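So the structure is just underneath, and the comments pick up after that.
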There are 2 protein chains.
Amino acid sequence: MTNITDIAKKAGVSRTTVSRVLNNHPYVKPEKRDVVLQTIEDLNYVPNLNAINLSRGRTNIIGVIIPRINHPYFSSLIEGIGEQCHKYDYSLLVYQSHNNLSRELLFFDMLKNKQIDGIIIGSCTLQATALNEMSHFGNIVSCEYSDTSSIAQVFVKHEEGIHMAVDHLRDRGHQKIGLCIGNSRSGVGMSRKKAFFDLQNKHRFIWRDDWYYKDQYTIEDGFQIARNMLGQQERPTALVVGSDQVAAGILYELREQGVSVPGEFAIVGFDNQPISKIAELTTIYQPVQKVGNIAVDLLQKLALQKDVPHVTQLDLQLIKRNTT
Amino acid sequence: MTNITDIAKKAGVSRTTVSRVLNNHPYVKPEKRDVVLQTIEDLNYVPNLNAINLSRGRTNIIGVIIPRINHPYFSSLIEGIGEQCHKYDYSLLVYQSHNNLSRELLFFDMLKNKQIDGIIIGSCTLQATALNEMSHFGNIVSCEYSDTSSIAQVFVKHEEGIHMAVDHLRDRGHQKIGLCIGNSRSGVGMSRKKAFFDLQNKHRFIWRDDWYYKDQYTIEDGFQIARNMLGQQERPTALVVGSDQVAAGILYELREQGVSVPGEFAIVGFDNQPISKIAELTTIYQPVQKVGNIAVDLLQKLALQKDVPHVTQLDLQLIKRNTT
DNA sequence: GTGAAAGCGCTAACAT
DNA sequence: ATGTTAGCGCTTTCAC
């Protein structure tokens, strides 16, 4: 393996000069620069990033933690993060935690280990205190609401999304509205739940505890929810569902069972995923990619020691289709 | 920052001993080991991975290159890769190329740079010669057919998938069958195209060049294809579509325009993605996650200098639903 | 403009 | 069972 010393020898200069050429430093005589570049070419020299990383004390790698990648919300988020990483010349390390606590901790070790320069939390179940402690080891940005003082956050206005959905259903006359969310312990889940029940109290809707579904992620979960609902003594007339995929499953199974939507039952999804177009699902659009973009921007600013807003929130949009 | 030397001093041993404790080497007296571990605890010592990487000459990071993450096929693939990485203690670096050649080359530099130990090609447009050359710099496994001698490959039997789809349509009486695929320059695209036209020739189906659609990825692309087809003088009676998402779009728009499916027109998709369940799409299931799993297994074996099969192929399965 | 030399933090061959 | 020592390949002060 040819290294910087080989180049220096062959080119008849010092390693320092080679390093300068490599890093586009000024103060290198053009002729020498050319010789060095030529030698690099001749010897097929490739710098060793590990050495550079060790020497510089950073890696230009950003880590992102999510429960799992194969979910439209997280795919979009990662896509947004990935694009912005490319812009700043960061590499992107993706870590799937399955919301498993010990896995999450393992991931944060990479920050301590200096293997990654910063962390973007797509979703994570660690407590605020733990996160605050982690933030001593490097820059962290969260893409979900997080009850911490030390971590910059960017997310969509989840409360507003719930408001939009509930208000829309209320406008259409619904008074018995159920809620279905994904991970109930995540920042997103908690905000949504809180916003929903605040509205419940405010409007004094009718309510039954079995109208609340949590930890639902897939189409099949949706099938199950529909069947479950049909078995209930008293049923809601509408459902706010935190994921288009689950909403589509519910919709499908309800119609399968002869329930007319939106005639007898209304559904609002979240995300405006491709499936919502096919299912003609009323949904709340969330600029997820944009969240990813901004997360990287924040991390970059933090890396440059600049100040960043503690919380950045993005607007949502109701897309009315055929299920309300 | 506390390092191994600090620990050694404080614990009254040599750096080597500390290193041995850290790496669970035998031949360390239990008492010393305990002192070292205690000191590590006391000083909040965390090993620096960059130093380890430099010293060991590897990083335990695997890179995977895909056009974009936000596509069900690639999400599944990454999920499968990610899980297996976790098993072998690899980290996963995800690189979105957008099929852009210069981006692809940039990615392979990371292998040369020693920043990653191995590469999994999810999809990539580099020529065989280029890939063969790259393989000198580290282990590479491809998840698509690749015309190279030096790269281990694992993929589903794309030809068989096309066969299944076409035979199924033929069984149902279709003689005018169109084809719609994604990236036509990728390994998958090329295999599918070839298999399809081989069958065309064999069965002497009726054919028109405008029954071939390429570079189609989204639901909206599907809408467009449907409209385009309806405008054609002579239309096919069935379409084999390389992606469920596109197939769902076509289906939706056709029905929107009053075409009865499967009455007047038949559609077969690929992947058995969630959307195919909702759309009741006949589709070809591909064990994509499994492909990802195996890719990592192969890389791991290569890392251990073991022999691996040059080509591994996985079986597909026709899932008959309501569009054929 | 250029180079010598001292790190960066860890591993591993070798000696004891 | 433990320590000495020489790297791993690059960056960066500092002196000239």
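What you are looking at is a predicted structure, and each value in this text was computed from that prediction instead of being measured. To find a chain, count down the sequence lines: A is the first, B the second, and so on, and within it residues start at 1.
In this structure, A:Q153 contributes its side chain and A:V311 its backbone to no donor-acceptor pair below 3.5 Å. One N or O on the side chain of B:T39 and one on the backbone of B:V35 form a donor-acceptor pair closer than 3.5 Å. One N or O on the side chain of A:E104 and one on the backbone of A:T125 form a donor-acceptor pair closer than 3.5 Å. Of the possible polar contacts, none joining the A:S55 side chain to the A:A51 backbone as a donor-acceptor pair under 3.5 Å is found.
Between A:T17 and C:dG3 there is a side-chain N or O to OP1 or OP2 distance below 4.0 Å. Residue A:K32 has a polar side-chain atom (N or O) positioned under 4.0 Å from OP1 or OP2 of C:dG3.
In the 5' to 3' direction, nucleotides of DNA chain D lying under 4.0 Å from heavy atoms of chain B begin and end at D:dA1 to D:dG9.
Ion pair A:E83/B:R103 flagged as a salt bridge, since at least one NZ, NE, NH1 or NH2 atom sits closer than 4.0 Å to an Asp/Glu carboxylate oxygen.
Scanning for side chain to side chain donor-acceptor pair (under 3.5 Å) contacts around A:D34 gives an empty result, with sequence neighbours left out. For A:F108, there are no ring pair (Phe, Tyr, Trp, His ring centres under 6.0 Å) partners two or more places apart in sequence or in a different chain.
Interface residues of residues 51-60 of chain B facing DNA chain D, ordered by number: B:L54, B:S55; criterion, heavy-atom separation under 4.0 Å. Only A:R20, A:Y27, A:V28, A:K29, listed by number, bring a heavy atom of residues 18-31 of chain A to less than 4.0 angstrom from any atom of DNA chain C.
One axis for each end of the helix from C:dG1-D:dC16 to C:dT16-D:dA1, each built from five base pairs, and the angle between them comes to 30° at 10° resolution.
Across the protein-nucleic acid pair, B:I40 atom CD1 and C:dG9 atom C1' stand 14 Å apart, rounded to whole Å.
Aromatic ring pairs are classed by plane angle as parallel below 30°, tilted from 30° to 60° and perpendicular above 60°; the pair B:H158 and B:F155 is parallel.
Shown are B:V64, B:L111, B:L299, B:V141; of these, the side chain to side chain contact (heavy atoms under 4.5 Å, CB included) with B:I119 is made only by B:L111.
Nearest-nucleotide positions on DNA chain D place B:V13 closer to the 5' end than the other of B:V13 and A:Y45.
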